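Atoms within each ligand, like the ligands themselves, are counted from 1 in listed order. Just so you know, these numbers come straight off a predicted model, no measurement behind them. We use all heavy atoms of the structure for the numbers below, so side chains are in, but hydrogens, waters and symmetry mates are not. Residue numbers run from 1 in the order of the sequence given.
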Amino acid sequence: MGKVGFGLAVTCAVASCAIAAILVSRRVKSRRKWNRMVGVLGEFEEGCSTSIGRLRQVVDAMDVEMHAGLASEGGSKLKMLLTFIDNLPNGNEKGNYYVLDLGGTNFRILRLQLGDERSMILRHDVEQPIPPAFMTSTSEDLFDFIASSLEQFVEREANSSDLPLVKRRELGFTFSFPVKQTSVSSGILIKWTKGFSIEDMVGKDVAECLQQAMIKRGLDMRVAALVNDTVGTLALGHYHDEDTVAAVIIGTGTNACYVERTDAIIKCQGLLTNSGGMVVNMEWGNFWSSHLPRTSYDVDLDTDSPNPNDQARGFEKMISGMYLGDIVRRVILSMSHELDILGMLLLVIGTLYLENLCGPVVNYRIWKLDDPYELHSSASLFHRKWRTPLMAVMHEDDSPDLREVARILKDTLKIPDVPLKVRKLIVKVCDVVTRRAARLAAAGIVGILKKIGRDGSSGIMSGRTKNGGESSGKMRRTVVAIEGGLYVRYSMFREYLNEAVAEILGEEIAPHVILRVSEDGSGIGAALLAASHSSPSVDSVSLP
Ligand code: BGC
């Protein structure tokens, strides 16, 4: 080899080494970035820890707050609102009833024919999105729109020959926002949730607003029952199974109600009911405890939310469909800062609607991934019909190569070729967020059971028998009715929740507690309550 050849060989060797060194250093750098990103996820997962110990603390805190909310007005973040419902449907309700169900993404009108012994026929049913403008305008606009839809519904019915004519139309009105009831059929709106914001409505009697709008349209209808969706769900649950003592909604918002003894409602001394009990609407979305596993993402979400306050609706912001997608977005964004490829990917995602990723789980538009959600435009997104959220589909993709995740990223978000390892991380983020939400809701449910002595903590023989006597040694069967898209249509969520309830209660007590889906409870239950509160001839059953 001549001098030139030798020089060339040396140069090549040096160049190869340099290239190799660059490649190695790039790899090391990208591995470090990847590790940092995985670290962000690990830290988030740790922050979301819902160990059994922590869940028990949440159970206890829920129990304590329930006592405090019953003891005095404003005594707790839990409002523990009276419903004036002191008896629940038992199967003897009869007649034709109308229902107006308002409170989430859509609004529904139903007509039901209640027959003998738990037979019911849904005669007619319409569901439609609420035009976004009406969610933030005036109460007059909203109720005019509702009354005109009702009028069209009644007209269509009048033309339908197979429906029996109804002389006086009794209406169950499901209104799923915090309301201070003044009777079974009237109540004042305390505040809006779930992106609704019609300021002039706060402090007004909700049933009266509807009644006026109906009169204006010449509609001969009367609000016989004004109910929260949890209360409707409890009513339907009880109609089918008399051991039902509580109901929970986990959908766009979250809440629970249960049957309380009147003597335990200390803030209303002297409250007397025939049954000795009353359904209490907890408004648990507002529950707060220092034991809740709160991360910096939750704090940021709260700050950017329409109702920012350290703890306002703290429970709801960790559990309900309105917020879960946004937590996922925030975590992925934070991870993306650590990895260029994901960062690029997410910039593209960010310019799309994240709601495409999560469906109505995120009910507001996100123009850029960096932007906090813009809630002034939130209303425009409520009109979307609930469909199985894509977040749930991605989470539940069990194909080895996460085919569904890739498909959704490609078809819906127009991002092809996302590497498998990145797809896996996205699924993991969904899992952490969903698992925490489901387990916290489970702790909330056990908190209610504890409050009413059905969690077995005072011994398996605790709890009164049906006729009020002492238990004969057998743990009483307890049913909790559940409704809401997250629980009903997101099977991973449901599994996590069911599993956690069983874990907290333990194997001796868990078999006595049944969580039962009460689909359509918010609507049908309102018809049942309208029936049991409009005709004195209808029998009622004593509350357990
Ligand atoms: C409302 C509750 C309602 C729940 C579920 C919450 O945002 O405040 O009244 O029951 O959503 O719809």
Inset, instruction - Quick one: look at Thr254 and ligand 1, take heavy-atom pairs under 4.0 Å, and tell me if it's side chain, backbone, both or neither. - result: backbone
Inset, instruction - Would you mind listing which atoms of ligand 1 come within a distance below 4.0 Å of any non-hydrogen atom of Thr193? - result: 1 (C), 6 (C), 7 (O), 8 (O)
Legend entry - Within-cut-off N or O pair, Thr230 and ligand 1, under 3.5 Å: no
Legend entry - Spatial distance of atom CE (Met282) from atom NZ (Lys79) [nearest 0.5 Å]: 13.0 Å
Inset, instruction - Taking the six-membered ring of Tyr496 (Phe, Tyr or Trp), confirm whether the NZ or CZ of Arg435 is under 6.0 Å from its centre and within 45° of its axis. - result: yes
Inset, instruction - Do me a favour and list the nearest non-hydrogen protein atom to atom 9 (O) of ligand 1 with residue, atom name and distance? - result: Glu283 OE2, 2.6 Å
Inset, instruction - Mark up the atoms of ligand 1 that fall under 4.0 Å of a heavy atom belonging to Phe177, in ascending order. - result: 9 (O)
Inset, instruction - Output the list of atoms in ligand 1 that are nearer than 4.0 Å to some heavy atom of Gly253, sorted by atom number. - result: 5 (C), 11 (O)
Legend entry - Protein residue, atom and distance nearest to atom 6 (C) of ligand 1, heavy-atom basis: Glu316 OE2, 3.2 Å
Inset, instruction - Give the intermediate values and the outcome of side chain to side chain donor-acceptor pair (under 3.5 Å) for residues Ser491 and Glu396. - result: CA-CA 8 Å; Ser491 58; Glu396 291 175 340; 2.8 Å; yes
Inset, instruction - Starting from atom 11 (O) of ligand 1, locate the nearest protein heavy atom and write down its residue, its atom name and how far away it is, to 0.1 Å. - result: Lys194 NZ, 3.1 Å
Legend entry - contact_flag Gly103 ligand 1 heavy-atom lt 4.0 Å: no
Legend entry - Pair Asn255-Asn281, side chain to side chain donor-acceptor pair (under 3.5 Å): steps then yes or no: CA-CA 8 Å; Asn255 190 13; Asn281 167 13; 2.8 Å; yes
Legend entry - Test: Lys194 cationic atom under 6.0 Å from Phe177 six-membered ring centre, within 45° of axis: yes
Legend entry - Asp229 N/O under 3.5 Å from ligand 1 N/O: yes
Legend entry - Arg313 touching ligand 1 at heavy-atom level, < 4.0 angstrom: yes
